[in-house]
Amino acid sequence: MNVEGYEIHMGRTVALEPADAPFRLRPLRLPEEPGSWHRDGAMSADGKVWGTYLHDVFHNDALRREWLNELRADKGLAPLLEATRFGELRKQAFDRLAEHVRKHLDVGNIYRMMEG
């Protein structure tokens, strides 16, 4: 499954115990070829606990739904079929904010002030 996110980190991570790396990451600016990918993250032996340097991983609707449904299955609950479309909701919220700012501020004047 392909997901999107971003990485921010410095330094090196050293595991105290061997751990599987559940993710393969490729920066979008790099081509789709084997040398562009690197392994990321760590996962417990039972697959129930994992971590990654990838931020916003749960903003990916399909991944979040699959992960939650695995947890639901472990509890004997039926899977949920419809996912909240987080990306769409987020875009709508930013569009409302932008419209409010344009309505109440002189954005052209702000741009002129920024240019010097």
Side-chain angles (χ1 to χ4, degrees):
M1 170 184 308
N2 291 329
V3 297
E4 291 186 9
Y6 62 95
E7 288 183 277
I8 301 176
H9 63 91
M10 294 175 55
R12 254 177 63 190
T13 300
V14 178
L16 298 176
E17 299 176 11
D20 288 328
F23 303 105
R24 288 184 333 117
L25 304 181
R26 177 185 57 86
L28 287 176
R29 70 180 184 282
L30 295 180
E32 176 84 32
E33 57 187 41
S36 299
W37 295 87
H38 65 275
R39 296 181 63 75
D40 176 73
M43 181 172 58
S44 64
D46 64 4
K48 303 251 187 240
V49 178
W50 47 266
T52 177
Y53 279 119
L54 187 64
H55 294 262
D56 283 354
V57 71
F58 287 116
H59 289 192
N60 294 274
D61 298 330
L63 173 81
R64 185 181 61 251
R65 176 59 56 205
E66 185 176 314
W67 181 73
L68 288 171
N69 278 336
E70 285 182 22
L71 295 175
R72 291 178 63 83
D74 287 348
K75 300 290 183 186
L77 300 171
L80 298 174
L81 302 178
E82 292 190 30
T84 301
R85 298 192 180 289
F86 178 80
E88 289 177 23
L89 295 175
R90 184 177 180 185
K91 181 184 181 313
Q92 291 170 5
F94 279 125
D95 288 346
R96 286 192 308 274
L97 176 61
E99 182 58 35
H100 185 79
V101 168
R102 282 191 295 270
K103 182 177 177 181
H104 295 283
L105 294 176
D106 183 349
V107 176
N109 192 41
I110 292 172
Y111 283 136
R112 286 187 293 280
M113 290 176 7
M114 289 171 45
E115 291 170 355

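No experiment lies behind these values; they were computed from the predicted model shown. Sequence positions, counted from 1, serve as the residue numbers for this chain.
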inquiry  = Check this for me: Asn109, atom CG, are more than 12 non-hydrogen atoms of other residues, nucleotides or ligands nearer than 6.0 Å?
reply    = yes
task = Please round to the nearest 0.5 Å and tell me the distance separating atom CG of Asn60 and atom CH2 of Trp67.
result = 13.5 Å
task = Measure across Arg65 and Glu82 and return the closest heavy-atom pair with its distance rounded to 0.1 Å.
result = NH2-O, 3.0 Å
query = Does a side-chain N-to-carboxylate-O contact under 4.0 Å join Glu99 and Arg96?
reply = no
message = Could you measure the distance from the CD atom of Glu4 to the NE2 atom of His59? Nearest 0.5 Å is fine.
response = 12.5 Å
key: Gap between atom CG of Leu68 and atom CG of Leu77 - 0.5 Å precision   = 11.5 Å
message = If I compare all heavy atoms of Asp56 with all of Arg90, which pair ends up nearest, and what's the gap?
response = OD2-NH1, 3.9 Å
ask   = Are Phe94 and Phe86 connected in the hydrophobic side-chain network, where two residues link if heavy atoms are under 4.5 Å apart?
value = no
query = Hey, what do you get for CG (Leu105) to NE2 (His100), rounding to the nearest 0.5 Å?
reply = 8.0 Å
task = Compare every heavy atom of Ser36 with every heavy atom of Pro31, then report the nearest pair and how far apart it is.
result = O-OG, 2.8 Å
key: Hphob cluster co-occupancy, Trp37 + Met1, side-chain heavy atoms under 4.5 angstrom   = no
ask   = Do other residues, nucleotides or ligands put more than 12 heavy atoms under 6.0 Å from Arg72 CZ?
value = yes
query = Rounded to the nearest 0.5 Å, how far apart are CG of Asn69 and CG of Leu81?
reply = 7.5 Å
inquiry  = Is the shortest side-chain heavy-atom distance between Asp106 and Arg112 below 4.5 Å?
reply    = yes
Rounded distance (nearest 0.5 Å) linking atom CD of Glu7 with atom CG of Leu25 = 5.0 Å
message = Membership question, hydrophobic clusters at under 4.5 Å side-chain separation (ILVMFWY): are Phe58 and Met43 in the same one?
response = yes
message = Which heavy atom of Leu63 sits nearest to which heavy atom of Val57, and what is that distance?
response = CD2-CG2, 3.3 Å
